[in-house]
Amino acid sequence: MPELPEVEVTRLGIHPYIEGRKVTGLILRRDGLRWPFPANLQQLIVGQTVVSTGRRGKYLLLHFSHGSLLIHLGMSGNLRIMPPHTPAQKHDHVDIVLGDQMLRLTDPRRFGAVLWHDHADGALEEHLLLRKLGVEPLSDRFTDDLMFQQTRQRSAPIKQVLLAGDVVVGVGNIYACESLFRAGINPKIAADRISRKRYQVLSVAIRQILAEAIKQGGSTLKDFVGADGKTGYFQQSYFVYDRAGEACRVCQGTIRHITQGQRSSFYCVNCQK
DNA sequence: ATTCCCTCCTGCGCGC
DNA sequence: TGCGCGCAGGAGGGAA
């Protein structure tokens, strides 16, 4: 599932139910997901108050006074608010109870993660998994100038540079394809052969696509739902993703599918040069 | 340094 | 209707 829009939709959905509330219980139904859960998670968060929520790239953050819980939804995860004691289904792995509300992590493929960063270990942004991340695409630091500077002597295809996440975070396969389409850029073009002017167009496209996707509740292909259990509907707005062989919604040409770095790319040969 | 390739895991859609 | 296969939103890590 989740790229930046889905994570942000999740954060916006859970935020009103958990901010300022005390964790009263924690249920772990397995030892971990991608990595083992923090060994002493009970002691770390039960009895503590969620000061605020945040997001860094595709990591969702629950800030406490003494540290932060990092939650990654992997490919198939979701977080929902529901009444405590709601019977657990097959892939419900973690429940964080906050009084009369409960935050439940569901993740069929178990590529997700729950990690702890203690304030005693230094700044959160220096966490091993966060420190190499690029800029936030919806922040003021994300500019055409930054994209241009960060792609000098970078001969990899622009699509793969977007996915790598070290220039800009949160743009996964779907939104990389859609952004490149909107910018009129062929995904195979080497990043260091794209002009500053085209990076201007691309940076605007990325911002617009992500913002629109958030507004529409994200994309639901199979399993993504927001905190309220509702599906997103940005997938109805796709111009190229998963539309191989179909007609381009702009020029009526045929959408092409290629593989780049073991990932599917979709683009229009006419519209994207 | 990059870049490729593999890996974690379940579920679904497709072709036979 | 059933079964096997390939593929899927992410991304760390090891090898080359």
Side-chain angles (χ1 to χ4, degrees), chain A residues 1-11 29-37 55-60 70-79 88-94 105-115 127-134 137 150-180 187-188 190-193 206 209-210 213-214 216-226 231-238 240-245 257-266:
Chain A
M1 116 198 194
E3 302 183 28
L4 185 149
E6 290 75 31
V7 178
E8 185 63 10
V9 165
T10 298
R11 189 188 72 79
R29 296 194 180 80
R30 52 185 313 118
D31 296 336
L33 296 171
R34 180 171 188 168
W35 297 294
F37 294 135
R55 181 186 54 73
R56 181 71 178 98
K58 298 169 190 168
Y59 288 90
L60 201 134
L70 287 69
I71 302 175
H72 198 294
L73 299 177
M75 291 253 270
S76 59
N78 64 63
L79 277 171
Q89 307 292 306
K90 189 176 178 185
H91 301 298
D92 296 341
H93 309 307
V94 180
L105 174 62
T106 304
D107 185 5
R109 289 176 71 180
R110 309 211 297 269
F111 289 174
V114 177
L115 302 162
H127 187 282
L128 215 57
L129 296 174
L130 303 185
R131 61 183 308 164
K132 303 186 305 287
L133 297 182
Q150 296 288 306
T151 51
R152 295 312 84 197
Q153 294 164 352
R154 192 124 176 215
S155 57
I158 182 61
K159 165 77 183 319
Q160 289 176 250
V161 169
L162 290 178
L163 286 190
D166 55 340
V167 175
V168 58
V169 291
V171 184
N173 206 29
I174 293 171
Y175 298 110
C177 290
E178 294 299 318
S179 298
L180 287 167
K188 290 184 288 191
D192 60 1
R193 287 179 40 232
I206 290 172
I209 295 271
L210 295 178
I214 291 170
Q216 296 186 37
S219 295
T220 299
L221 295 189
K222 282 184 195 160
D223 35 26
F224 175 72
V225 291
T231 58
Y233 50 97
F234 187 76
Q235 66 279 7
Q236 295 169 12
S237 305
Y238 292 168
V240 289
Y241 183 81
D242 206 23
R243 297 194 67 240
H257 170 270
I258 59 172
T259 298
Q260 296 181 283
Q262 290 84 240
R263 306 295 298 280
S264 286
S265 291
F266 302 88

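Bear in mind the structure is a predicted one, so any value in this text is a computation, not a measurement.
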I want to check one thing: is the phosphate of [N], taken as OP1 and OP2, less than 4.0 Å away from some side-chain N or O of [X]?
X: A:S264; N: C:dA8; value: yes
X: A:Y59; N: C:dG12; value: yes
X: A:H72; N: C:dA11; value: yes
X: A:Y175; N: C:dG9; value: no
X: A:R263; N: C:dC7; value: no

Across the strands shown, which category fits A:L129 at heavy-atom distances under 4.0 angstrom: base, sugar-phosphate, nothing?
sugar-phosphate
For A:A164, report the nucleic acid contact type (base, sugar-phosphate, nothing); a contact means any heavy atom under 4.0 Å.
nothing
Can you measure [X] atom [atom1] to [N] atom [atom2] for me and round it to whole angstrom units?
X: A:H257; N: C:dA8; atom1: NE2; atom2: C1'; answer: 11 Å
X: A:F224; N: B:dT10; atom1: CZ; atom2: P; answer: 22 Å
X: A:N78; N: C:dG9; atom1: CG; atom2: C1'; answer: 13 Å
X: A:D107; N: B:dC8; atom1: CG; atom2: P; answer: 16 Å
X: A:Y233; N: C:dG9; atom1: OH; atom2: C1'; answer: 20 Å
X: A:R109; N: C:dG10; atom1: CZ; atom2: P; answer: 10 Å
X: A:K132; N: C:dA11; atom1: NZ; atom2: P; answer: 11 Å
X: A:D166; N: C:dA11; atom1: CG; atom2: P; answer: 12 Å

So, A:Q235 side chain and A:S219 main chain: donor-acceptor pair closer than 3.5 Å or not?
no
Pairwise N/O distances under 3.5 Å, protein to nucleotides 5-7 of chain B:
from	atom 1	to	atom 2	distance (Å)
B:dC5	OP2	A:Q262	OE1	3.2

Go nucleotide by nucleotide along DNA chain C from the 5' end; which of A:Y241 and A:L128 gets its closest nucleotide reached first?
A:Y241
Residues forming a salt bridge (charged side-chain N to carboxylate O under 4.0 Å, His left out) with [X], sequence neighbours excluded:
X: A:R131; value: A:E126
X: A:R193; value: none
X: A:D166; value: A:R154
X: A:R55; value: A:E8, A:E136

Readout for nucleotides 11-16 of chain B: B = base within 4.0 Å of protein heavy atom, S = sugar-phosphate only, - = neither; 5' to 3' it is B-----
Residues which pass side chain to side chain donor-acceptor pair (under 3.5 Å) with A:S179, listed by chain and number, not counting sequence neighbours:
none
Between [options], which nucleotide has the shortest distance from any of its atoms to the side chain of [X]?
X: A:E3; options: C:dA11, C:dG12, C:dG9; value: C:dG9
X: A:R110; options: C:dG9, C:dG10, B:dT10; value: B:dT10
X: A:S155; options: B:dT3, C:dG12, C:dG9; value: B:dT3

Determine if A:F111 stacks with B:dC9; use a centre-to-centre distance below 5.5 Å and an interplanar angle below 30° as the criteria.
no
Partner set under ring-ring contact (aromatic ring centres under 6.0 Å, His included) for [X], not counting sequence neighbours:
X: A:H93; answer: none
X: A:F266; answer: A:Y241, A:H257
X: A:H127; answer: A:H117

Going by heavy atoms in the side chains, are A:Y238 and A:C177 under 4.5 Å from each other?
no
Find the runs of at least 3 consecutive base pairs, i with j, i+1 with j-1 and so on, that include DNA chain C, using Watson-Crick or G-U wobble geometry with both distances under 3.5 Å.
B:2-8 with C:10-16, B:10-16 with C:2-8
Show your reasoning for whether side chain to side chain donor-acceptor pair (under 3.5 Å) applies to A:D192 and A:T151.
CA-CA 5 Å; A:D192 60 1; A:T151 51; over 6 Å; no
In chain order, what residues pass the side chain to side chain contact (heavy atoms under 4.5 Å, CB included) check against A:A176, with sequence neighbours excluded?
A:K159, A:L162, A:L163, A:V171
Measure the acute angle between the ring planes of A:Y59 and A:H72, then classify it against the limits of 30° and 60° as parallel, tilted or perpendicular.
perpendicular
